[in-house]
Protein chains: 2
Amino acid sequence: MVKSMTTTPARTSVTLADVAALAKVSTSTASLAYRRTGSITERTRARILAAAAEIGYAGPNPTARSLKSGRSGIVGIIIAGTVRRAFQNPVAMATMAGLSEALDDIDVGQLLLSHRSESGDRSARLLDGMPVDAVVFLTRGEEFDGILPSMRARRLAMVGVEGPHEEGVTLVDIDDASGMAVLARHVRDLGHRRVGVVMRSTRIDANGPPGPFEAIDADLDSISNRTIRERLRAVASVFPDAVRVEAGGRELDSGEIAAGRLLDQAVRPTAILAQNDMLAVGALRAAAARGIEVPRDLTVTGFDGADLPLLGRRLTTVEQPLHERGLQAGRMVGELLAGGAPSSIVLPVAFREGDTSGPPR
Amino acid sequence: MVKSMTTTPARTSVTLADVAALAKVSTSTASLAYRRTGSITERTRARILAAAAEIGYAGPNPTARSLKSGRSGIVGIIIAGTVRRAFQNPVAMATMAGLSEALDDIDVGQLLLSHRSESGDRSARLLDGMPVDAVVFLTRGEEFDGILPSMRARRLAMVGVEGPHEEGVTLVDIDDASGMAVLARHVRDLGHRRVGVVMRSTRIDANGPPGPFEAIDADLDSISNRTIRERLRAVASVFPDAVRVEAGGRELDSGEIAAGRLLDQAVRPTAILAQNDMLAVGALRAAAARGIEVPRDLTVTGFDGADLPLLGRRLTTVEQPLHERGLQAGRMVGELLAGGAPSSIVLPVAFREGDTSGPPR
DNA sequence: GCCCACTATCGAAACGATGCGATTCGCATC
DNA sequence: GATGCGAATCGCATCGTTTCGATAGTGGGC
């Protein structure tokens, strides 16, 4: 069912003119009753508001106001993939929480714009048809390049979290590489030499079996997702001999399957460096299913520092300031809308030792 | 065409009139090039689109279009409490996923409207100032009554999930009571006689210590939250002697503390019926902390059937069709926007036996 | 070659509110 | 009672698009 914005007749609504007529003032005066600026007698204002109440006027029409002011007061939040998946992703949610908090403070509405819908491809139509003053790229997605031109044409303020690294997008970036390097060195210092890496799928419509075993630095340059690439590179700098497996999808289960493949080798790794926390949880589960005890028999690490209250244990990982990066993105939106030109920033990360890592047996 | 006057932001934009001028047609013809209806030569359309591309016209201004059509194509999703907390709540998220899916299908945008912001009270201003065609109450909140009049005045289509039970709101309701009754009977049939109930806080700004022990039916009528009330009533019908404790907040930790109080009694219950899954997880944790084994020493049940992949075990609970209720709410929005008058529905729930319940020792 | 029936295009009037510049009002002062 | 002045109110153009009714153009039938 596709609805058309055009065929339906406008709802008969009460307008400011009606209020003005009832209150026996001009519409411009009636308007004054609702604005902050301009001078109007308290008596007149009261009369106008009374008239408004009498005929059930709900206040100035937001659309008309927007047309006049050129501002909608709405920020589009662009999500790679589907809204559903984003909502299942603790990293995205933590960022979103920070972003919401900041956007709340500057009194702008938050419009969710998924780049793809559940039932297939999201037409650019929805994206283009929405009255937004600015957009925030909440999660990094390769698919964004296609929609950038249209946003530039609209002269929208653009803020990105971890990308896209494109002209005109103010960025909140994360120091992924150095964080992952610290973590890898920690694992090496524990004594590990045989490590496996479980990485996120680089395919857009990822779903299926895990990829083959590959050398850690195989084809690194061809990975367009900067986040994935830089994290791998950091691991490679410490463990040039590591083996990597690409999970078949982005969900927990894919991580479990991929990690399982690593664990089922004749000579299995003593440490699995998962490229994010969800994959690490999958690895923990794969270990549990095989009676492998963590951290005694296996070290498992993640990345992100997501809040996983249900997990019941504390992952050794690298903590990103997830909430903070949302806040910063929100702040940037505010500055851009106010006419400023905030500069991009790179936020630091912090290694966190949990109870999933230890020396090899 | 520079038109930055004084205070208004300088957003000099390219308009349809500019395109028309360049293509040497009238603006009405230029408009035709972007519409589905109306007749226009393919040649002319091509010329217009070429002109548009040349001067970087990004397509019709959504705000102006909305003003003319009386429709914004945006649905407001109203969240009780803060956006942040909603995002941490698996029940709300599952519902949201279904809702998003349905709203995607009818090509409407999704605007998040939290009733309260992180930093304090949400002014009605934001809510009132947003150009929405309809609103969906995603989660039940006592605070909604205050904003209903304004929505009625705006003649917005209104759809609610589990409330508010108010005139003009089309509802997707859940058969809470009978589901909870089935679950309670199951626990009774297992042989349990001494049961404790952990319930959600009824305070809006809940945070603090758990409430006192109370009889299950103490003051039931004074609980305005229908969901909480009906679930409790159902338990009371099976276990008139049950003791209830109100958690101090809505988070996991509050559930743990409240359940801990029940477990620390001299004679502790053999079963804890938590009023939702998160509280049940809290109860599991309280039990684990005390070396009480579930289900051998204690039966713990929840309500909702939320997807908790990180938990690692399967809660005995009542499954709501969470995704489905979101879908249904979305469908209702579509029908209302199309001029229909869908009727409210009540969705069934299903008892699900997990591995957290068993006979008392 | 004339008239008719289309159809592509155009002009102008909305949609509902805002804000500039002009006008009127109220009132104190001379 | 006339004058001056600030404050309150008003009229009108405007934001960018859509759409209705009017007009010009095209081609076919006879």
Side-chain angles (χ1 to χ4, degrees), chain A residues 4-21 23-48 52 55 57-73 128-129 131 133 154-155, chain B residues 1-21 23-48 52 55 57-73 128-129 131 154-155:
Chain A
S4 81
M5 290 219 318
T6 55
T7 52
T8 21
R11 272 192 306 273
T12 45
S13 62
V14 185
T15 77
L16 194 55
D18 301 330
V19 174
K24 303 221 191 305
V25 294
S26 71
T27 58
S28 35
T29 302
S31 175
L32 252 23
Y34 287 93
R35 338 254 78 269
R36 310 240 130 195
T37 67
S39 55
I40 184 176
T41 315
E42 213 34 70
R43 246 171 59 89
T44 313
R45 164 176 275 140
R47 201 169 80 240
I48 292 169
I55 57 177
Y57 178 68
N61 177 319
T63 304
R65 190 204 288 251
S66 291
L67 180 59
K68 198 86 210 343
S69 70
R71 287 278 175 111
S72 66
D128 265 355
D133 295 337
R154 285 192 185 282
R155 293 202 171 73
Chain B
M1 117 171 250
V2 178
K3 55 175 76 100
S4 75
M5 322 230 164
T6 43
T7 51
T8 28
R11 278 213 4 194
T12 321
S13 64
V14 185
T15 76
L16 195 53
D18 300 329
V19 174
K24 302 220 192 304
V25 294
S26 70
T27 57
S28 36
T29 303
S31 175
L32 252 23
Y34 287 93
R35 329 259 81 263
R36 312 237 130 196
T37 68
S39 54
I40 183 175
T41 316
E42 212 34 72
R43 247 171 58 86
T44 314
R45 163 175 277 141
R47 202 169 78 241
I48 292 168
I55 57 176
Y57 177 68
N61 178 317
T63 303
R65 188 205 288 249
S66 293
L67 179 59
K68 196 83 214 340
S69 69
R71 286 279 174 109
S72 66
D128 264 353
R154 285 192 184 284
R155 293 200 173 75

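In what follows, every chain begins at residue 1, and chains take the letters A, B, ... in the order their sequences are listed.
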>> Check this one for me: any side-chain N or O of A:Ser31 less than 4.0 Å away from OP1 or OP2 of C:dA17?
In response: no

> Would you say A:Arg154's side chain and A:Asp128's backbone share a donor-acceptor pair under 3.5 angstrom?
Replying inline: yes

> When all nucleic acid strands are considered with a 4.0 Å heavy-atom cut-off, which category describes A:Thr41: base, sugar-phosphate, or nothing?
Replying inline: sugar-phosphate

> Could you state the CG-P distance from A:Leu67 to C:dT18, rounded to the nearest angstrom?
Replying inline: 11 Å

> Base, sugar-phosphate, or nothing: which does A:Ile40 touch, judged by heavy atoms less than 4.0 Å apart?
Replying inline: sugar-phosphate

> Nearest to the side chain of A:Ser39, which nucleotide is it out of D:dT17, D:dA7, C:dC10?
Replying inline: D:dA7

>> Expressed as a whole number of angstroms, how long is the span from A:Asp18:CG to C:dC15:P?
In response: 11 Å

> Is the backbone N or O of B:Ser13 less than 3.5 Å from a side-chain atom of A:Arg155, with the two atoms forming a donor-acceptor pair by type?
Replying inline: no

> Given C:dT18, D:dC10, D:dA8, which nucleotide is nearest the side-chain atoms of A:Lys68?
Replying inline: C:dT18

> If you find the nucleotide of DNA chain C closest to A:Pro60 and the one closest to B:Ala30, which residue's nucleotide is nearer the 5' end?
Replying inline: B:Ala30

> Which nucleotide in the set D:dT9, D:dT17, C:dC15 lies at the smallest distance from any side-chain heavy atom of A:Thr29?
Replying inline: D:dT9

>> Measure CZ/B:Arg45 against P/C:dT9 and give the value in whole Å, please.
In response: 10 Å

> Is it true that the side chains of B:Ser26 and B:Thr29 contain a donor and an acceptor less than 3.5 Å apart?
Replying inline: yes

> B:Tyr34 OH to D:dT18 P: how many Å, rounded?
Replying inline: 10 Å

> Which of these nucleotides, D:dT17, D:dG16, C:dA17, is closest to any side-chain atom of B:Leu16?
Replying inline: D:dT17

> Is a side-chain donor or acceptor of A:Thr27 paired with a backbone partner of A:Ala17 at a separation under 3.5 angstrom?
Replying inline: no

> Just how far, in rounded Å, is P of C:dT18 from CZ of A:Arg36?
Replying inline: 13 Å

> Can you check side-chain contact (heavy atoms from CB on, under 4.5 Å) on B:Ile40 and B:Ile48, steps first, answer last?
Replying inline: CA-CA 11 Å; B:Ile40 183 175; B:Ile48 292 168; 4.1 Å; yes

> How is B:Thr44 classified with respect to the nucleic acid when contacts are heavy atoms under 4.0 Å: base, sugar-phosphate, or nothing?
Replying inline: sugar-phosphate

>> Under a 3.5 Å cut-off for both contacts, is C:dC30 paired Watson-Crick or G-U wobble with anything, and if yes, with which nucleotide?
In response: D:dG1

> Could you state the CZ-C1' distance from A:Arg35 to C:dG16, rounded to the nearest angstrom?
Replying inline: 12 Å

> What nucleotide among D:dC12, C:dC10, C:dG16 has an atom nearest to a side-chain atom of A:Ser13?
Replying inline: C:dG16

>> Donor-acceptor pair, distance only, cut-off 3.5 Å: does the side chain of A:Arg47 make one with the backbone of A:Ala23?
In response: yes

> What integer distance in Å separates B:Lys24:NZ from C:dT9:P?
Replying inline: 16 Å

>> Distance check needed: D:dA7 P versus A:Leu32 CG, whole Å only.
In response: 14 Å

>> With a 4.0 Å cutoff (strictly under), does any side-chain N or O of B:Arg65 reach OP1 or OP2 of D:dG16?
In response: no

> Does any N or O donor sit under 3.5 Å from an N or O acceptor when you compare the side chain of B:Ser26 with the base of C:dG11?
Replying inline: no

>> Using a heavy-atom cut-off of 4.0 Å across all strands, would you classify A:Thr15 as base, sugar-phosphate, or nothing?
In response: sugar-phosphate

